[in-house]
Amino acid sequence: MTKYLIEGGHPLHGTIEISGAKNAAVPIIPAALLVDGVCRIENVPQISDVTLILQILRELGADVRTINRTTVEIDCSHIRNRQVPYELARKIRASYYLVGALLGRFGWAEVPLPGGCNLGGRPIDQHIKGFVAMGAEVDVRNGLIYAQVPGRGCLAGGQVYLDIVSVGATMNIMLAAVLAEGKTELSGAATEPEIMDLVCVLQKMGAIISVDVDRTFRIEGVKELQGYTHTSLTDRIEAASWASAALATHGDIFVKGATQPEMMTFLNVFRKIGGEFDITDKGIRFWHPGGDLKPVAIETDVHPGFMTDWQQPLVVALTQANGLSIVHETVYENRFGFTKPLVEMGATIQLYRECLGSLPCRFRQRNYKHSAVIFGPTPLTGRDIDVPDLRGGFSHLIAALAAKGPSNVQGISLIDRGYADFRGKLEALGADFD
Ligand code: EPU
């Protein structure tokens, strides 16, 4: 099913339960490669990115058992192949974590360059810089990353400073460093909750990792690790996506599993716009209280800033706020492509190359349209939409649900990459779609 016909204009009402966090599961699963022994992960999201990474592990020789809908056990005691299958790895971004895990465990990795959403160049130079600082030789050619530790077979602890705060590079370097000989100092690192979830897993496995207030991780290499049992944290991107859907459709959604600490920054913005929420032990209820929504100025940033992955669904809600909202995207140079269909649906959104904000931004004076001004409220009208990427695609779904009239949304399978059972959830919320 790759196409939805949505009849919008109806508020979403009801309860849905969010899944485990995609961006925590996709590094935690490859961490199983670091040990001989069983690793058990609970609250695994049923999304296609996870299916693919589990399939890759199977192809490498891992024994992957599905215990129930959201629990898997992985045993990498009998890895027989370290060449990651090209077709599978190219479909996802997270395949890059296989480099860190294989290199750390076996001193050798051959992994296709990762795929993922087109949000800009998305280089992996910082990952490579880290591996090289630990003694690896890394060569990228013909679409493949070849990494190996010459001679000794084991990485050595090193000093790594990330020039760009990168979620992926932080976790990849960590995966490589836990079994390295000696200490690794990783500074300029990211500290997203998903990263701390991986740190929890690695600590359970026997690793020694500390983090300083200046975002420096210190990893003391150990000789051996053991299997882990871990319940993954819930998906704060999914939670914010449903919260934005509640606001955009004048709805009321209880998001079971949403947690306050990981969402604090989002909740502040949600409140400033005029959205209401109620936090309980089981989740967070988000609703539109009626009346006008207020415009807001936000800048995306690394944690604890406003997540880049939150901005796309929220922009749809901002088309309904009364006045000018500004979004300055400082993480990706090209994350506003999704606004074009919104404009075609009736939104007034102007993109700018200038930095419309005060955060230090790598894209200043460069030719990227990375700031958006949204003028609202503008009624949205349904239309045909081709889903461009994961978060942009979910945002288009929200727009179609908020719009008057029918929308034909194509390429829905892209949304399966990151939102578990969103069809069932849309049904539970009373959405009118086929
Ligand atoms: N960057 C570099 N060099 C590097 C690494 C990153 O220039 O070596 C740049 C990127 O091009 C980007 C910025 O640094 O402009 C941040 O990239 P980062 O490495 O933090 O992102 P990522 O690891 O590729 C993960 C998530 C993304 C999420 C970002 C930011 C996974 C699999 N992906 O990507 O999630 O947006 O962190 O939080 O964990 C999504 O879920 O839809 C998604 C895109």
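Indexing begins at 1, ligand by ligand and atom by atom, following the structure's order. As the structure is a computational prediction, the values presented were derived from the model and not from experiment.
Ranking protein heavy atoms by distance to atom 20 (O) of ligand 1, first place goes to V167 N, 2.8 Å. In this structure, atom 14 (O) of ligand 1 lies nearest to the protein heavy atom I164 CG2, 3.3 Å. Atom 29 (C) of ligand 1 has as its closest protein heavy atom Y332 OH, 3.2 Å. Atom 19 (O) of ligand 1 has S166 OG, 2.6 Å as its closest protein atom, hydrogens excluded (heavy atom only). The nearest heavy-atom contact from the protein to atom 35 (O) of ligand 1 is N23 ND2, 3.2 Å.
Ring geometry for F270 versus F286: interplanar angle over 60°, hence perpendicular rather than tilted (30 to 60°).
Across L390, L119, D389, V331, heavy-atom proximity to atom 12 (C) of ligand 1 is greatest for V331. Looking at G121, P123, A21, it is P123 that brings a heavy atom closest to atom 6 (C) of ligand 1. In the candidate list K22, R122, E333, R122 is nearest to atom 24 (O) of ligand 1, counting heavy atoms. Nearest-heavy-atom check against atom 13 (C) of ligand 1 across R362, R417, R391 picks out R362.
Set against the non-hydrogen atoms of Y96, the atoms of ligand 1 under 4.0 Å away are 22 (P), 23 (O), 24 (O), 34 (O). Below 4.0 Å from some heavy atom of R335 lie the following atoms of ligand 1, by number and element: 36 (O), 42 (O), 44 (C). Taking a cut-off of under 4.0 Å to the non-hydrogen atoms of Q126, the atoms of ligand 1 that pass are 3 (N), 4 (C), 8 (O). Atoms of ligand 1 lying under 4.0 Å from any heavy atom of G168, numbered from 1 in the order shown and given with element: 19 (O), 23 (O). Close approach to D309 involves these atoms of ligand 1, each under 4.0 Å from a residue heavy atom: 28 (C), 35 (O), 36 (O), 38 (O), 40 (C), 41 (O), 42 (O), 43 (C), 44 (C). Listed by number with element, the atoms of ligand 1 under 4.0 Å from a non-hydrogen atom of I124 are 4 (C), 8 (O).
For H127, heavy-atom contacts with ligand 1 shorter than 4.0 Å involve the backbone as well as the side chain. Contacts between W310 and ligand 1, counted as non-hydrogen atom pairs separated by less than 4.0 Å, are absent for every part of the residue. Both the backbone and the side chain of D125 come within contact range of ligand 1, each with a heavy atom under 4.0 Å. Contacts with ligand 1 closer than 4.0 Å are made by no heavy atom of E238, backbone or side chain.
Annotation: F394 is in aromatic contact with W242 [ring centroid separation under 6.0 Å]. Between H370 and F336, the distance from one ring center to the other does not fall under 6.0 angstrom.
Using a 4.0 Å cut-off between charged side-chain N and carboxylate O, K425 and E17 make no salt bridge. Ion pairing between E344 and K340 holds under the 4.0 Å rule for side-chain N and carboxylate O. A salt bridge does not link D63 to R58: none of the charged side-chain nitrogens sits closer than 4.0 Å to a carboxylate oxygen. Comment: D235 does not engage K22 in a salt bridge, judged by the lack of any side-chain N to carboxylate O separation of less than 4.0 angstrom. Salt bridge status for K369 with E329: absent, with no side-chain N to carboxylate O gap under 4.0 Å. Look at E42 and R40 and you find a salt bridge, because one of the NZ, NE, NH1 or NH2 atoms lies within 4.0 Å of a carboxylate O, short of that distance.
Residues E110 and V84 are not in side-chain contact: their nearest non-hydrogen atoms beyond the backbone lie 4.5 Å or more apart.
Figure legend: R141 and Y146 shown as a cation-pi pair, the cationic atom lying under 6.0 angstrom from the six-membered ring centre and within 45 degrees of its axis.
Inspection of the E192 and H303 side chains reveals no N or O donor paired with an N or O acceptor under 3.5 Å.
Geometrically, ligand 1 and E192 share no nitrogen or oxygen pair separated by less than 3.5 Å.
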